Amino acid sequence: MTAQSLQALYVVVKRANHLKEGLHLVLDVSHAVVEPAAMEQLRECSASHHLPAAIDPLQSECQLSIVAPLEAAAVPRVRRLAAAA
């Protein structure tokens with residue numbers, strides 16, 4: 001997910017948020033490849049409880065939680081040793 005593609009996701013979140021007042025939305029991107037800039041934007045929306053003003057000019061309250069991918073540093077890497085022939 002890029003910061004640009006995130007804009008389309010925000011539109012879906014806005015729609016879901018307006019369907020019923022008080023919903024708590026959870027975005028599970030744990031298995032997605034998310035660019036750092038996009039992840040930062042998602043975290044900012046979650047912390048502020050608002051979508052970007054360009055998406056939601058009325059700045060409606062938005063309860064949003066993010067299930068983030070595991071950090072690359074936290075995932076142990078498996079190294080394969082090539083057998084000598």
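Because the structure is a prediction, the values reported are computed rather than measured.
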Minimum heavy-atom separation for Ala3 and Ala37, please, with both atom names. CB-CB, 4.5 Å
side-chain hydrogen bond (donor to acceptor under 3.5 Å, both in side chains) filter on Gln4, not counting sequence neighbours, yields none
Can you tell if the side chain of Leu9 reaches within under 4.5 Å of the side chain of Met1, non-hydrogen atoms only? yes
By side-chain hydrogen bond (donor to acceptor under 3.5 Å, both in side chains), His24 pairs with (sequence neighbours left out) Ser65
A side-chain contact here means heavy atoms from C-beta on lying under 4.5 Å apart; do Glu44 and Ser48 qualify? no
Partner residues of Val67 under the side chain to side chain contact (heavy atoms under 4.5 Å, CB included) criterion, sequence neighbours left out: Val26, Asp28, Ser30
Do Glu35 and Met39 pass the side chain to side chain contact (heavy atoms under 4.5 Å, CB included) test, and can you show the C-alpha distance, the side-chain angles, and the key distance before you say yes or no? CA-CA 6 Å; Glu35 289 183 352; Met39 194 70 237; over 6 Å; no
Holding to side chain to side chain contact (heavy atoms under 4.5 Å, CB included), I want the full list of residues that pass it with Leu25, two or more places apart in sequence or in another chain. Val13, Ala16, Asn17, Leu23, Cys62, Leu64
Just verifying a value: how many Å separate Gln7 CD and Ile55 CD1, rounded to the nearest 0.5 Å? 5.0 Å
Taken in chain and number order and not counting sequence neighbours, the residues that satisfy side chain to side chain contact (heavy atoms under 4.5 Å, CB included) with Asp56 are Lys14, His18, Leu51, Leu58, Gln59, Ser60
Please name all residues satisfying side chain to side chain contact (heavy atoms under 4.5 Å, CB included) with Glu21, sequence neighbours left out, ordered by chain then number. none
